[in-house]
Every structure is written in structure tokens, then in C-alpha cells.
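These notes concern the structure reproduced below.
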Amino acid sequence: MNMNVTLPGSTGLQFKNPILTASGTFGYGVEFAPYGDLTSLGGIVVKGLSLEPRAGNPMPRIAETPCGMLNAVGLQNSGVETFITEKLPKLPTDELPVIANIYACDPAEFGELTAVLAAEKGIAAIEVNISCPNVREGGILFGQDATLAARVTEAVKKAAGDKPIIIKLSPNVTDITTIAKAVEGAGADVISCINTLSGMGVDIRTRKPLIANVIGGLSGPAIKPVALRCTHQVCKAVSIPVIGMGGIASAEDVLEFILVGAHAVQVGTSNFLRPDFSFRLVKELEQLMEKMNITDLEEFRGSLKL
Amino acid sequence: MNMNVTLPGSTGLQFKNPILTASGTFGYGVEFAPYGDLTSLGGIVVKGLSLEPRAGNPMPRIAETPCGMLNAVGLQNSGVETFITEKLPKLPTDELPVIANIYACDPAEFGELTAVLAAEKGIAAIEVNISCPNVREGGILFGQDATLAARVTEAVKKAAGDKPIIIKLSPNVTDITTIAKAVEGAGADVISCINTLSGMGVDIRTRKPLIANVIGGLSGPAIKPVALRCTHQVCKAVSIPVIGMGGIASAEDVLEFILVGAHAVQVGTSNFLRPDFSFRLVKELEQLMEKMNITDLEEFRGSLKL
Amino acid sequence: MHQEQCTTLTVLDNVPFGTVSGESLFFALRIERPEWADWQPGQFVMLRPEGWALDMMWARPFSICRVSKRDLVIFFQVVGRGTKRLAELKTGDKVVVWGPLGTPFAVEDKTPTLLLAGGIGIAPLVAYAQKHPQPWNLHMEFGHRMPLNCYPFESINERITAASHLERGPDDLAHFLDLIETSIKEYAESDGLVLACGPTPFLRAVQAFAAKHGARCQLSLENRMACGVGACLGCVTKTTDKMTAKGVAAGRAQACEHGPVFWADQIVLDED
Amino acid sequence: MHQEQCTTLTVLDNVPFGTVSGESLFFALRIERPEWADWQPGQFVMLRPEGWALDMMWARPFSICRVSKRDLVIFFQVVGRGTKRLAELKTGDKVVVWGPLGTPFAVEDKTPTLLLAGGIGIAPLVAYAQKHPQPWNLHMEFGHRMPLNCYPFESINERITAASHLERGPDDLAHFLDLIETSIKEYAESDGLVLACGPTPFLRAVQAFAAKHGARCQLSLENRMACGVGACLGCVTKTTDKMTAKGVAAGRAQACEHGPVFWADQIVLDED
Ligand SMILES: Cc1cc2nc3c(=O)[nH]c(=O)nc-3n(C[C@H](O)[C@H](O)[C@H](O)COP(=O)(O)OP(=O)(O)OC[C@H]3O[C@@H](n4cnc5c(N)ncnc54)[C@H](O)[C@@H]3O)c2cc1C
Ligand SMILES: Cc1cc2nc3c(=O)[nH]c(=O)nc-3n(C[C@H](O)[C@H](O)[C@H](O)COP(=O)(O)OP(=O)(O)OC[C@H]3O[C@@H](n4cnc5c(N)ncnc54)[C@H](O)[C@@H]3O)c2cc1C
Ligand SMILES: Cc1cc2nc3c(=O)[nH]c(=O)nc-3n(C[C@H](O)[C@H](O)[C@H](O)COP(=O)(O)O)c2cc1C
Ligand SMILES: Cc1cc2nc3c(=O)[nH]c(=O)nc-3n(C[C@H](O)[C@H](O)[C@H](O)COP(=O)(O)O)c2cc1C
Ligand code: FES
Ligand code: FES
């Protein structure tokens with residue numbers, strides 16, 4: 001059985017299986033090391049990094065919703081330098097593709113951040129969060145405007161050297177294909193989609209929003225149909241490889257995203273179902289492929305009958 | 001206890017409680033008569049009507065998803081004339097506000113359809129579906145473009161006589177407040193939101209989409225956080241009354257929408273949990289208000305602490 | 001005017017029938033008797049455990065297999081997520097049930113009536129054989145893929161004749177279809193009645209034979225359903241111009257309301 | 001390096017404690033013993049029934065109340081949707097459990113140690129009293145609103161002294177807080193240790209008294225949690241510049257990893 005994934009094009013990105021963990025839901029990887037073998041995963045995308053340390057949004061930051069959750073963690077992190085000196089060395093980067101997820105307030109800062117990471121051997125690729133709906137200073141705008149999205153992509157690409165860059169799209173747009181085409185045109189090597197849906201919750205007893213930031217990002221199985229639709233549309237619109245995500249909670253779900261054309265997937269909120277979720281998923285995918293007689297994922301990929 | 005709702009402005013719309021049933025999920029009302037007293041509801045919105053009979057989309061049209069469902073029923077209906085002669089007379093319109101939900105392919109047809117309904121005493125208001133993502137001939141466009149949405153609103157308003165018109169918004173847009181303001185400016189009496197989210201499902205064994213139309217509308221508790229966010233944003237953006245909906249599955253949910261500013265709500269997918277769902281919900285809301293010491297909904301409405 | 005009711009009922013027991021490679025995939029679920037005035041074979045209930053919370057929103061449709069003074073029995077096969085979780089129901093669990101729903105099978109006391117059951121499609125026909133006023137006029141042909149003890153074949157009214165056919169491969173299937181065609185032809189010639197319930201490919205074959213030989217035939221469909229009461233338009237089947245039922249328009253009929261039992265010549269079966 | 005594990009365990013029983021207006025709101029949930037090498041009082045587990053499917057995605061955090069050769073016991077109060085469904089757990093049901101998690105209470109064998117418990121906050125302190133090497137150095141003050149038989153007060157290690165205080169209204173509360181302040185002052189003077197667990201307003205009072213009288217004090221927080229392992233950053237608490245724990249940055253510490261037990265002077269309690 002071949003679960004190996006090689007992204008086409010000049011990226012050189014290879015994963016031993018299509019299951020990666022999504023940014024913000026798997027910490028810096030080390031938190032999950034007691035629950036499974038990190039190197040059994042296709043790859044991990046670490047929590048969003050910024051140039052300077054950030055305190056993130058006020059509490060409460062998370063709330064459970066039907067088949068999902070809202071979050072407005074707001075990119076709390078101790079800055080890219082601390083990541084490189086303290087977290088990255090703890091990861092088995094030789095055997096595990098570690099992807100840095102980055103966030104910044106303007107294209108120049110995106111470039112600066114990329115340059116710092118581009119110098120790191122242990123980083124397999126850079127995923128650019130142009131879609132975070134949580135940080136007020138313009139966070140939502142890059143991902144919702146084709147011109148801005150392209151500008152960020154160019155800035156990152158210029159600074160990335162030979163590191164592949166992945167642009168992560170927001171579903172909170174009228175037409176996701178416009179943005180997808182814009183970032184492809186601006187030099188993105190890979191697209192990942194989707195980030196969270198813009199949502200909200202309130203407590204009728206305290207009469208306050210469930211999360212201090214009022215509006216947060218909805219994730220989990222609840223959004224899977226939207227994520228699958230976006231992945232399908234983006235796969236048809238662009239020719240660069242696509243990493244799909246949103247609500248994946250079973251091996252069947254993984255194959256659904258691959259069926260509509262994704263090369264790989266990321267698992268987010270389901271890591272909270274149990275901390276060994278992603279490790280188990282790799283094994284379950286193998287079993288399911290066996291049961292379904294899928295010997296090669298590339299053959300199955302995009303074979304949706306329309 | 002006062003559960004009575006009077007919509008402000010010139011609409012004259014009154015409901016004995018804030019719970020209405022959503023278009024497409026409660027048939028023509030009569031289907032649910034064996035399970036409860038229709039006149040105990042705040043009102044009902046009937047299945048979408050078109051000028052001519054329509055066969056709707058091919059099968060399969062519906063699929064279950066985590067905490068929700070996809071549908072692409074595609075406005076199967078036997079035309080407005082048959083509705084008026086065969087369905088409407090069966091409803092207790094003296095005691096129950098019956099709202100007609102309409103769909104058309106261009107502003108002129110919207111106007112024509114409205115004119116037919118405006119002449120009917122038994123119709124309390126007309127809800128305009130500018131947001132149906134299911135019908136390919138432009139259905140999605142009216143709701144996703146402020147200018148088109150305003151044009152439809154004007155056409156309907158002109159033909160409606162003194163019937164209140166309710167414009168139903170789609171969440172599948174970058175900024176729902178732009179559309180909300182446009183339809184308010186064009187003469188809408190009330191806004192209802194939200195219609196379904198654009199989504200998709202696939203069957204990995206048959207390799208086919210779960211619904212024949214490929215893309216369908218996601219509804220149910222899964223989308224509640226998105227619906228609440230949209231309702232909150234629209235309530236802040238316009239000064240006409242708003243009817244909220246999307247995933248309501250409990251009396252607490254009803255109060256959540258009212259807390260962010262909605263005057264009334266509609267219950268959709270939850271009617272499939274059990275056919276007496278909406279009837280029970282009216283009683284549960286009364287009990288909950290009692291428990292929470294809410295004697296007047298208008299006082300509670302929009303009292304979210306930000 | 002109607003008599004459908006929606007109530008929360010208690011599970012009495014949930015008995016596995018037979019096993020397939022060591023797994024129990026067939027169950028007789030026995031619940032408290034709902035307070036129904038009446039019901040007829042071919043009708044169904046919508047059933048949803050309270051424990052499903054909001055994850056799976058839809059109830060699942062099941063044919064009424066037996067109703068006694070004390071209980072309502074449905075017979076089900078595990079095929080997907082919902083039925084898998086139904087198999088976990090235990091004594092004392094609560095289920096929401098509404099029904100009896102839909103249009104039952106035609107009953108013609110004195111007419112020779114052929115019952116064609118495919119797999120789990122036997123469930124409503126067990127009820128039919130039980131309730132028929134003159135069961136000696138009935139004969140059943142039952143085709144199945146799993147071991148016979150997986151199905152309630154034993155509990156069929158002893159006063160009817162019934163034959164079972166295990167399908168182990170294409171040869172068995174061809175043989176069974178031949179046999180069915182021959183029977184349908186015979187019943188057509190004596191103006192008998194043919195009633196069928198089973199998987200769609202099976203129904204399609206029956207429909208074709210009935211058309212070819214001019215048999216009066218009814219088919220019970222198992223379309224995906226959400227509301228069960230005719231409101232959501234999710235379960236519709238295409239109709240032919242022979243459709244006469246009141247309220248059917250635009251060439252589409254709700255299987256939950258105008259079916260699940262339809263006259264074979266009034267509907268077009270979907271591709272899948 | 002770590003010893004946390006995630007396993008699916010079987011519920012042994014789920015015993016209601018006392019009742020409030022006829023309703024059972026407090027339960028001792030007993031499950032199979034996980035294969036842990038070791039654990040310490042103040043640590044907790046994340047627990048999620050398999051039956052929740054996908055509706056509620058998060059496990060719920062509960063203090064470890066007792067671990068024996070055969071079982072792990074947690075003690076919980078019904079407060080919302082999740083705990084309501086936990087109350088429905090029956091013998092034989094499966095739960096996913098990971099732990100032991102977090103930083104435990106400090107143990108200083110010979111130091112006079114004051115245990116302050118508010119309501120269900122008694123759970124980890126039951127474990128503390130049980131495991132302490134020199135329990136005669138411990139004293140507990142327990143404030144509660146529901147009848148005493150709702151809580152595992154009886155099962156507290158007999159070798160410690162403990163007083164309970166029923167809070168029927170504002171007067172009782174004021175009295176209880178006075179008593180607590182006096183005790184904290186005493187323990188501060190003898191360089192004792194003060195350990196508190198309970199609702200946030202209670203912790204806030206304890207924190208203020210400890211600051212005022214210079215007591216060495218630890219608080220156990222009950223922040224909302226999703227992952228339980230320090231990854232999601234959903235459970236953070238603000239820290240003061242006295243915070244010394246390794247890896248805490250940007251003035252925020254995960255309660256699941258660097259807590260739930262914190263030194264009172266190292267954190268800022270949130271407004272709600
Ligand atoms: C009127 C009627 C009477 C029925 N009577 C019985 C009965 O007596 N015993 C019995 O075992 N089954 C009966 N069925 C079928 C039963 O309802 C389905 O097997 C069940 O709903 C599948 O649910 P699931 O969640 O396990 O499957 P899903 O996970 O939803 O789907 C598994 C497979 O079953 C198909 N499916 C899903 N829903 C239905 C459905 N409503 N009907 C048919 N196929 C479906 C799917 O397309 C898929 O291929 C009846 C169906 C109808 C409409
Ligand atoms: C380390 C730790 C140890 C705990 N030990 C125990 C224990 O031994 N026994 C016990 O009964 N409870 C304990 N709790 C609290 C328990 O986790 C919550 O009561 C439970 O998660 C509420 O879930 P719910 O779905 O019923 O409530 P929800 O419906 O989610 O919420 C109901 C209310 O509880 C609050 N809440 C939600 N989640 C939590 C949470 N994780 N912690 C605190 N409040 C929450 C909500 O804000 C809301 O006000 C502990 C919490 C933590 C963090
Ligand atoms: C708690 C939490 C924190 C997140 N943080 C980030 C982040 O820092 N950067 C980012 O690009 N996406 C972030 N996301 C989004 C996820 O990576 C993912 O795109 C989204 O949750 C959808 O996938 P899921 O439904 O599988 O969770 C976060 C999601 C959650 C739930
Ligand atoms: C089966 C189905 C059919 C629907 N048909 C219509 C329709 O004809 N016109 C319309 O405006 N909305 C239609 N809707 C959308 C609902 O009225 C409602 O806006 C949406 O489902 C969100 O509410 P809910 O989550 O409570 O279901 C339909 C929804 C469903 C599930
Ligand atoms: S199931 Fe809804 S119309 Fe038949
Ligand atoms: S619960 Fe996720 S960081 Fe603490």
C-alpha cells in the first residue's frame with residue numbers, strides 16, 4: 001500500500017502519509033509526544049508564529065458548539081525567535097516535516113518573518129495565515145481581498161528562498177476561487193483550506209458573548225460540508241496542490257477530501273477528542289484503504305464522479 | 001408573561017410568540033397539524049413558491065451531516081396558483097400569520113409573483129428568498145450582490161401593496177452587512193437571516209456527491225454560531241426588524257437570537273428531530289422565560305453586554 | 001383528521017438475530033406500544049433515540065413489523081452510522097417515535113397475492129402475512145444473502161406458504177430472478193396481486209417483470225427520509241402519468257406520504 | 001519522558017450522592033483503573049464518553065478523587081450539558097480518559113496545612129488528605145450550599161480534622177469568609193501552607209486574604225479546557241511577574257499544564 005504523498009511542482013514536499021495536524025490545535029507538537037509517535041504523522045503545522053511575542057486575546061477564548069467549537073485564541077505565542085531556539089530543537093525534524101504557520105499585520109512583516117524561518121533547516125515549509133478572523137488589526141482582510149492576498153503571497157515568496165510556501169484560505173468570502181487564483185498567480189506553491197468560519201456564541205444568563213473577542217472562528221465536524229465544498233472548488237480552480245481541512249474526524253473524512261482533489265489533509269479540532277487522535281487516524285486510514293482496495297492514493301485522488 | 005411580538009415600523013406584523021417555522025422545513029403547515037395546534041405558533045413560513053410549477057432538483061436531494069444536513073431540494077412546488085387554491089384555504093389564517101416564501105429568476109418575475117400574493121387576505125407577509133444556493137439559474141447571485149439584492153427588493157416592494165416584505169439573506173458573502181443595508185435602503189420592511197451555508201458531501205464508496213446537485217445548503221445546529229454572528233451583525237447594521245434563524249434547537253437558542261437583537265426567530269431543520277418540535281418549543285420558551293424571570297421579551301431583546 | 005402521534009417511548013429489549021462473521025447485524029427492537037388507534041402493514045414509523053442529542057438530526061424510517069397489546073417491534077439491519085448506534089440501544093433507553101406513517105400495501109382478501117421479499121425488505125411483509133384476513137391466499141418468495149437465521153423468516157404466519165433462497169453469487173441471483181419472473185407471470189395471468197419490498201435493484205427487476213407481464217404490482221420504497229410527513233421533499237420519487245394520488249404534482253411524489261408503497265406503474269425508480 | 005496515557009475504559013458504576021429538591025446532581029463515577037505509574041493529588045483527568053459521538057467534542061476535566069488497585073473515582077456535580085450527560089452513564093459504558101494531567105498541590109510533610117474547599121472543589125482535597133504522609137498536620141474548612149450528604153465529606157481521611165459550613169445566604173457566607181480569613185492569618189504566622197479549591201469568587205477571596213496576611217497559598221483553577229495538554233491555549237490564566245514556571249511566556253500560562261494548581265501570588269484571576 002502506498003500512502004506516500006509527493007506534492008507536484010517544484011516544492012519538493014513529501015509526506016509519508018496524507019495526515020498532517022492543523023495549526024493551533026497541536027501546539028508545538030511536543031505536547032502530543034506522550035500519546036504517540038510524532039514521526040508516524042505525515043507532518044505537523046505548529047501554532048501560528050509572529051515576529052514579536054503576543055499575549056493573544058483575553059479570556060474566555062474558547063466555547064463548545066454543536067459538533068464544533070469557537071475559538072479566539074488570537075495568536076498567543078512567544079515569538080519566532082523563541083520558537084526556533086526552544087521548541088524546534090525538541091522536534092524530530094529529520095523524520096517529520098514541520099511546517100511553520102505565520103501571521104503578521106502587513107506584507108513587509110510577513111516577509112521579515114518568512115526570512116527568519118527560511119534560514120531554518122528544520123522547517124519543511126511555511127504556511128501563511130491570511131485568514132485569521134480573530135485579530136482585529138486587519139487579520140481578516142488579507143484573506144478576503146484578492147489583491148491583498150496576492151500582495152502578502154508575493155512578499156512571503158520573495159523572502160522564502162527555496163522553502164515552499166502554503167497560503168491558507170478563509171471560507172468567509174463570497175467566492176473562494178477568486179482568492180485561490182490570485183494567490184496562485186502571485187506565486188503560492190500550495191494552498192491549504194479552510195481556516196475557521198466566522199461565528200459567535202452568547203450566554204443568555206450572563207448576557208455576555210461566550211468568548212471575550214465576541215466573534216471567533218468555528219471549527220470541527222460542523223463545518224466539514226463547507227470545507228469540502230471549498231476544497232472541491234479550489235481544486236477545480238487552480239493547478240497547484242491543495243491541502244484540505246475542516247472537521248476531519250475519521251478515516252472516511254480523510255478520503256472525502258482526497259476524493260475531491262486534495263493531496264493531503266490537516267486534522268484540527270478532532271485532536272481534542274483525544275490526544276492520540278491523529279496517531280490513531282493514520283492507522284485507521286491504512287485499514288480503510290485496505291478494506292476499500294485503494295492501493296495508491298494518487299489514483300483515488302480527484303476521482304469524484306460528477 | 002408577555003411573549004407577544006410586534007414588529008416596529010409600518011409593517012403591522014404581530015406574532016403571539018417569537019417562534020415561526022422556516023420555509024422548506026414545515027411544508028405548507030398542514031403536514032404538521034396532526035402533531036400540534038398550528039395556531040399556537042407565532043407564525044409559519046411556507047415552502048418556497050414560484051410562478052410556475054417546478055419539479056425541483058434530481059434525487060438524492062438531502063444528506064445528513066454532523067449536527068446538520070445538506071439539501072438541494074431546489075424549490076419543487078406546484079406553483080403559486082395551486083398554493084392559493086389548494087393549500088392556503090386549509091390553514092387557519094385568521095389566527096395564524098402565514099408568510100409566503102417566494103423565489104424567482106429575475107426581478108420582474110419576483111414582482112409578478114408578489115402581485116399575485118399581495119391580493120390574498122390570508123397572507124400575512126411575503127418573504128423573499130434571494131439566497132437560495134440550490135437553483136443554478138442565478139439563484140445565488142441576488143443574495144450575494146448588493147445591487148442585485150436591492151433591485152429585487154424594489155421590484156417586490158412595488159408589487160406588494162400594503163403587505164410587509166421580508167428579505168431573506170444568505171450567509172455566503174464576505175460582508176453580510178453590505179447586503180443588509182442595501183435591501184433596507186431599497187425598502188425592505190423586515191430582514192430574515194440566515195439561509196443555508198453553501199456546502200457539499202461525497203460518498204467515498206460510490207465516488208459520487210451525496211446530493212445530485214453536487215453543492216447544497218447546510219442547515220441545523222452546526223451552523224448556529226454562524227447564524228448568530230450574522231444576526232448580530234445585521235441587527236447592528238440596520239434599523240428595520242430582524243428575524244433570526246439557523247440551527248435553533250432549544251428554548252435557550254431562541255433567547256440567544258433575541259439577545260443579539262432579533263425580534264423573532266424561525267425554526268428549520270429541528271422540525272425533523274420530531275414533528276411536534278416547534279409546538280413543544282413554544283411551551284419550553286414560556287417555561288424558560290419564567291425560570292429566568294423574563295417577563296417581557298422586548299426588554300430582553302438586544303441586551304447583549306459588549 | 002389524522003392519527004399520527006409523536007411520543008417518547010421506552011425500549012423493552014433489542015434482540016440480535018443470527019450473526020455474520022461473528023458480528024450481530026440484525027436486530028428485533030421491541031419498544032413500548034404507542035397509543036395508536038390503528039395501523040396497516042406497509043406503514044412505517046420514524047424512530048430516533050434521545051441519546052443521539054444533535055449529532056444525527058434525522059430519525060430513521062422502519063417498517064412496522066409487529067404491534068401487540070404490549071409492544072411495537074421493528075426489525076432492522078445495521079448498514080450505516082444510524083443503525084450501528086441503534087444496535088447499541090439497551091432496555092430502558094428512550095426513543096422518539098412517530099407514526100404510523102404512509103400508504104399501506106393493498107389488501108384484497110380473496111385475491112392470490114405474491115409477496116416478494118429481498119433481504120431486510122421482509123419486515124413489512126411479516127406484518128402483512130400476520131394481519132391478512134385470508135392468509136391462505138398468500139405466498140412468499142424470500143431472497144437473502146445473509147444466513148436465514150438473521151431474518152424473521154421463522155416468525156412468518158404459518159398459514160402462508162413461503163420459500164427462501166440464499167444468494168451466494170451471480171448464479172443464485174439469476175436463478176432467483178427467473179423464478180420470480182415465472183411467478184409474476186402466473187399471478188398476472190390469474191389477476192393476482194404482487195407486493196414487493198427489498199433493495200432498489202431488486203425492485204427494479206420486479207417492476208420490469210410486472211410491466212412485461214401486465215401484473216398488478218406494488219413496490220415499497222426505501223428512500224432517504226428526513227421528516228417522514230411529506231414536508232421536506234427529500235424523499236420524492238419520480239412519477240409516471242399513471243399516478244392518480246391526490247396532491248401529487250410536478251411529477252414528484254413524497255415516498256413518506258404517497259408511499260412507501262406505490263403501484264409499480266406509477267413511479268420511475270431512480271438510478272442508484 | 002511523560003507518563004500520560006489515553007485509553008478507553010469501562011464504567012464500573014455511577015453512584016448518586018444526596019439529592020437536591022428530589023434531583024440527583026452529585027455523582028461518584030467509578031471506572032476501571034488506568035495503567036498509571038503514578039499520580040499526585042491536585043492532578044486531573046480529561047474524560048469523554050464514547051457515546052457523545054461528535055455532538056460535544058470536548059472531554060471534561062475532573063480532579064482525581066481516588067485511585068485504588070481496581071478503580072479510578074471522580075466526583076462530579078451536574079452543572080451543564082456535559083455533566084448532565086455524564087450523570088446518565090451506566091455500568092459497562094465506555095469512556096475515553098487521559099491523564100494524570102497538570103501540576104499537583106505542594107506536599108510539605110511536616111508543615112501545618114490548611115485545606116480550603118468550596119463545594120465540589122472538595123474532590124482533589126479528598127485525595128490530598130488520603131495520600132498525605134502526615135495527615136495529622138492537615139485541617140480542612142469546607143463551605144457548601146447543598147446538603148452535606150451531596151459531597152464526599154464523610155469519606156475524608158479520618159485522621160485529619162475537618163469542619164463543614166452550610167451556606168444558606170449572605171450572612172452564612174460572610175461568617176464563613178471571616179473564619180477563613182482568621183485561619184489563613186494563623187497559618188501565615190506559623191509559615192503554614194494554604195491550599196484552596198472551589199468556585200472562582202471563593203478563590204478570589206482566598207487569594208486576597210493570602211496576599212493580605214502573607215500566607216503561602218496555592219489555588220486550583222477550574223478553567224474551561226479543550227485539549228488538557230497545553231496545546232490549544234484555551235485555558236490560560238494571566239500571570240504576575242512572580243511566575244517562575246519554565247516555558248510560561250507572554251504573561252499567560254495554560255491552567256492544564258502549569259496548573260491547575262498555582263501559587264496564589266503568581267496568577268491574576270479573571271473577572272468572571
Ligand atoms: C419506509 C421505509 C421502511 C424501512 N424499513 C426498514 C426496516 O424495516 N428494517 C430496516 O433494517 N431498514 C428499513 N428501512 C431502511 C432504513 O431506514 C435504513 O437502513 C436506515 O435509515 C439507514 O440508516 P443508517 O444511518 O444506518 O445509514 P446511513 O449511514 O445513513 O447510510 C448507509 C446506507 O444506507 C442508505 N440509507 C440511508 N438512509 C436510508 C433510508 N432511509 N432508507 C434506505 N437507505 C438508506 C445510505 O444511502 C447508505 O448507502 C426502511 C426505509 C424506509 C424508507
Ligand atoms: C482541573 C479541573 C478539575 C475539575 N474537577 C472537577 C471535579 O472534580 N468535579 C466536578 O464536578 N467538576 C470539576 N471541574 C469542573 C468541571 O470540569 C465542569 O463542571 C464541567 O466541565 C462542566 O461541563 P458541562 O458540560 O456540564 O458544563 P457546560 O455546559 O460546558 O457549562 C456549564 C457551566 O460550567 C462552566 N464550565 C464549562 N466547562 C468548564 C470547565 N472545564 N471547568 C469549569 N467550568 C466549566 C461554563 O462556563 C458554564 O458556566 C474541574 C475543572 C477543572 C479545570
Ligand atoms: C484552538 C484553535 C486555534 C487555531 N489557531 C490557528 C492558528 O494559529 N493559525 C491558523 O492558521 N489556524 C488556526 N486554527 C485553525 C485550524 O488550523 C483549522 O484551519 C480549522 O480549525 C479547521 O479545521 P478543523 O475543523 O479540523 O479544526 C486554529 C483552530 C483552533 C480550533
Ligand atoms: C429541506 C430544506 C428546504 C428548504 N427550503 C427553503 C425554501 O424553499 N426557501 C427558503 O427561503 N429557505 C429554505 N430553506 C432554508 C431554511 O428556511 C432556513 O433558512 C435554513 O434551513 C436555516 O435554518 P435551520 O438551521 O433552522 O434549518 C430550506 C431548508 C431545508 C433544510
Ligand atoms: S421525508 Fe420529508 S417529504 Fe418525505
Ligand atoms: S486545555 Fe488546551 S491548553 Fe489547556
Side-chain angles (χ1 to χ4, degrees), chain A residues 63 65-70 140 144-145 170-176 197-210 214-218 220-233 247 249 251-260 288 292 294 300 303-306, chain B residues 63 65-70 140 144-145 170-176 197-210 214-218 220-233 247 249 251-260 288 292 294 300 303-306:
Chain A
T65 67
C67 289
M69 64 176 280
L70 284 167
I140 197 135
Q144 289 187 327
D145 182 295
S170 165
N172 302 308
V173 293
T174 305
D175 179 8
I176 197 167
L197 289 175
S198 174
M200 176 175 171
V202 296
D203 183 324
I204 54 170
R205 289 180 178 87
T206 62
R207 302 196 185 184
K208 287 203 223 169
L210 285 184
V214 185
I215 289 177
L218 180 65
I223 70 167
K224 197 189 70 176
V226 175
L228 208 56
R229 185 262 302 168
C230 289
T231 304
H232 169 74
Q233 291 178 326
E252 279 81 4
D253 293 343
V254 174
L255 290 185
E256 289 177 9
F257 281 85
I258 295 176
L259 184 60
V260 302
L288 180 63
M292 289 179 63
I294 302 174
F300 184 78
S303 65
L304 184 70
K305 296 178 194 155
L306 288 178
Chain B
T65 66
C67 289
M69 64 177 280
L70 284 166
I140 198 136
Q144 290 186 327
D145 182 296
S170 165
N172 302 308
V173 293
T174 304
D175 179 9
I176 197 168
L197 289 176
S198 175
M200 176 175 172
V202 296
D203 183 325
I204 54 170
R205 290 182 176 84
T206 62
R207 303 197 185 183
K208 288 203 224 169
L210 285 183
V214 185
I215 289 177
L218 180 66
I223 70 168
K224 198 189 70 175
V226 175
L228 208 57
R229 185 262 301 168
C230 289
T231 305
H232 169 73
Q233 291 178 326
E252 280 80 5
D253 294 342
V254 174
L255 289 185
E256 290 177 9
F257 282 85
I258 294 176
L259 184 59
V260 302
L288 179 63
M292 289 179 60
I294 302 174
F300 184 77
S303 65
L304 183 69
K305 294 178 195 157
L306 287 178

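For clarity, every value in this text was computed on a predicted model and none was experimentally measured. Below, chains carry the letters A, B, ... as their sequence lines are ordered, and counting in each starts from 1.
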Q. Taking every heavy-atom pair that is under 4.5 Å apart, which of A/Gly68, A/Gly199, A/Ala222, A/Pro225 has the most such pairs with chain B?
A. A/Pro225

Q: Would you mind checking which part of B/Leu288 comes under 4.5 Å of any heavy atom in chain A, side chain (CB onward), backbone (N, CA, C, O), both or neither?
A: side chain

Q. Chain A: which of B/Thr174, B/Thr231, B/Val173 shares the most heavy-atom pairs with it under 4.5 Å?
A. B/Thr174

Q | Atom group of A/Thr65 that falls short of 4.5 Å from chain B, counting heavy atoms | A | side chain

Q | Point-to-point distance, once rounded to the nearest 0.5 Å, from CE of B/Met69 to CG of B/Leu210 | A | 12.0 Å

Q. Looking at B/Ile223, B/Ile294, B/Leu306, B/Leu304, which one has more heavy-atom pairs under 4.5 Å with chain A than the rest?
A. B/Leu304

Q) Contact part of B/Asp175 toward chain A, heavy-atom cut-off under 4.5 Å: side chain, backbone, both or neither? A) neither

Q.
Within the 4.5 Å heavy-atom criterion, are A/His232 and B/Val202 side-chain neighbours or not?
A. no

**Q.** Between CE on residue B/Met200 and CG on residue A/Leu228, distance to nearest 0.5 Å
**A.** 5.5 Å

Q) With distance as the sole test, does B/Arg229 use its side chain to make a donor-acceptor pair with the main-chain N or O of A/Ser198 at under 3.5 Å? A) yes

Q) Under a 4.5 Å heavy-atom cut-off, does chain A meet the side chain of B/Leu70, its backbone, both or neither? A) side chain

Q: Pick one of side chain, backbone, both or neither for A/Leu218, based on which atoms fall under 4.5 Å of a heavy atom in chain B.
A: side chain

**Q.** Minimum heavy-atom distance between A/Glu252 and B/Ile204, given as atom pair plus value
**A.** CG-CD1, 3.7 Å

Q. Counting distance only, does the side-chain N/O of A/Gln144 pair as donor-acceptor with the main-chain N or O of A/Asn172 below 3.5 Å?
A. yes

**Q.** Atom pair CD1/CG of B/Ile258 and B/Asp253 - distance to nearest 0.5 Å
**A.** 11.0 Å

**Q.** A/Leu259 versus chain B, the contacting section by heavy-atom distance below 4.5 Å
**A.** side chain

